[in-house]
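Note that these values count all heavy atoms, side chains included, but never hydrogens, waters or copies made by symmetry.
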Amino acid sequence: MSTFQPSERAKAAGAPVEVDVAGMQPGEMKTVEWRGKPVWILKRSPEMVASLKNTEGDVADPKSERAPEELTPEYARNQARSIKPDLLVAVGICSHLGCSPSSRFATGPQPNLPDDWAGGFICPCHGSTFDFAGRVFKNKPAPDNLQVPRHMYLGDNRLLIGKDEKGEA
């Protein structure tokens, strides 16, 4: 056990969590816990990143402009909703009723998804769908995009969730 990591009690209280993203392959997703919530780290493939341009017109809030700063920090108010385009960091809780969406990375027709599905996430409870940036599609029950927690890179392969460059938590 590393003495540099916060205790489970400190994590639950909101202490920042350090994550090693070295070796993550395109299309791979890790889940870590921060403040008692699941935080997804998705290593997006070039195709996943390219799909964000195609879904831009179909999502309700493409640049997260209507969300308060605590839901989407300014540095994530872009098409990829991230600091690095290939790495999404998002809280895996639907903004509708707090359910946890499922990953549906495969594209094309599937049960409960449109025939032109570009891949992303679906909340199985009420059918809200999100693209690979966690942006909710129009006319879905979820009112907002998935939350992007404050985070920063400590190096090429180390991510700190719960604190950013400004020192804000």
Side-chain angles (χ1 to χ4, degrees), residues 17 19-153 159 161-162 164:
V17 176
V19 182
D20 183 359
V21 295
M24 284 186 73
Q25 298 301 309
E28 183 181 347
M29 188 169 82
K30 281 186 177 187
T31 303
V32 297
E33 186 176 333
W34 172 70
R35 292 188 176 174
K37 300 174 188 175
V39 175
W40 298 335
I41 298 125
L42 171 62
K43 176 76 171 185
R44 293 183 279 217
S45 68
E47 296 79 18
M48 290 173 164
V49 173
S51 77
L52 300 177
K53 183 178 182 183
N54 299 333
T55 57
E56 186 94 359
D58 299 324
V59 295
D61 186 14
K63 303 255 188 319
S64 299
E65 295 169 328
R66 69 180 189 202
E69 178 74 14
E70 60 270 9
L71 290 180
T72 308
E74 189 163 334
Y75 49 80
R77 292 183 181 207
N78 54 51
Q79 189 176 65
R81 297 187 74 235
S82 61
I83 297 170
K84 296 181 179 183
D86 67 332
L87 211 62
L88 172 69
V89 179
V91 175
I93 297 177
C94 182
S95 59
H96 179 229
L97 292 175
C99 305
S100 187
S102 303
S103 58
R104 290 286 190 85
F105 296 166
T107 59
Q110 297 169 56
N112 304 317
L113 292 168
D115 288 345
D116 62 348
W117 180 244
F121 307 92
I122 181 171
C123 187
C125 300
H126 298 101
S128 292
T129 49
F130 304 86
D131 70 1
F132 284 118
R135 302 179 299 183
V136 67
F137 283 88
K138 293 176 182 174
N139 303 313
K140 297 294 179 175
D144 291 306
N145 297 332
L146 297 177
Q147 177 186 1
V148 173
R150 294 197 175 280
H151 63 282
M152 62 189 223
Y153 289 88
L159 180 64
I161 299 169
D164 61 18

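- Contact of the M48 side chain with the F105 side chain is registered, since non-hydrogen atoms from C-beta on lie closer than 4.5 Å.
- V148 and A76 make their closest contact through CG1-CB, 3.9 Å (heavy atoms, listed as atom of the first residue, atom of the second, distance).
- A side-chain donor-acceptor contact under 3.5 Å links T55 and D131.
- P101 approaches F121 most closely through the heavy-atom pair CB-CB, 4.2 Å.
- The closest donor-acceptor contact from the side chain of S45 to the backbone of G27 lies at 3.5 Å or more, if one exists at all.
- In this structure, K138 contributes its side chain and G57 its backbone to a donor-acceptor pair below 3.5 Å.
- Interatomic distance, NZ of K43 versus CD of Q25, reported as 8.5 Å (0.5 Å rounding).
- Between the side chain of R104 and the main chain of L113, no donor-acceptor pair closer than 3.5 Å is present.
- Residues A80 and P85 approach most closely at CB-CA, 4.0 Å, considering heavy atoms.
- No donor-acceptor pair closer than 3.5 Å links the side chain of K140 to the backbone N or O of A60.
- The shortest side-chain heavy-atom distance between L159 and H151 falls under the 4.5 Å cut-off.
- The pair D61-R135 fails the salt-bridge criterion, with no side-chain N (NZ, NE, NH1 or NH2) lying under 4.0 Å from an Asp/Glu carboxylate O.
- Rounding to the nearest 0.5 Å gives a distance of 8.5 Å between OG of S128 and CD1 of I122.
- Put simply, the side chain of V89 does not reach to within 4.5 Å of the side chain of S82, judged on heavy atoms.
- Without hydrogens or angle criteria, R81 side chain to L88 main chain gives no donor-acceptor distance under 3.5 Å.
- N145 has its side chain out of reach of L71: every pair of non-hydrogen atoms, C-beta onward, lies at least 4.5 Å apart.
- The pair R150-E74 does not meet the salt-bridge criterion, since no charged nitrogen lies less than 4.0 angstrom from a carboxylate oxygen.
- Within the model, atoms CD of E47 and CZ of F132 stand 10.0 Å from one another, a figure rounded to the nearest 0.5 Å.
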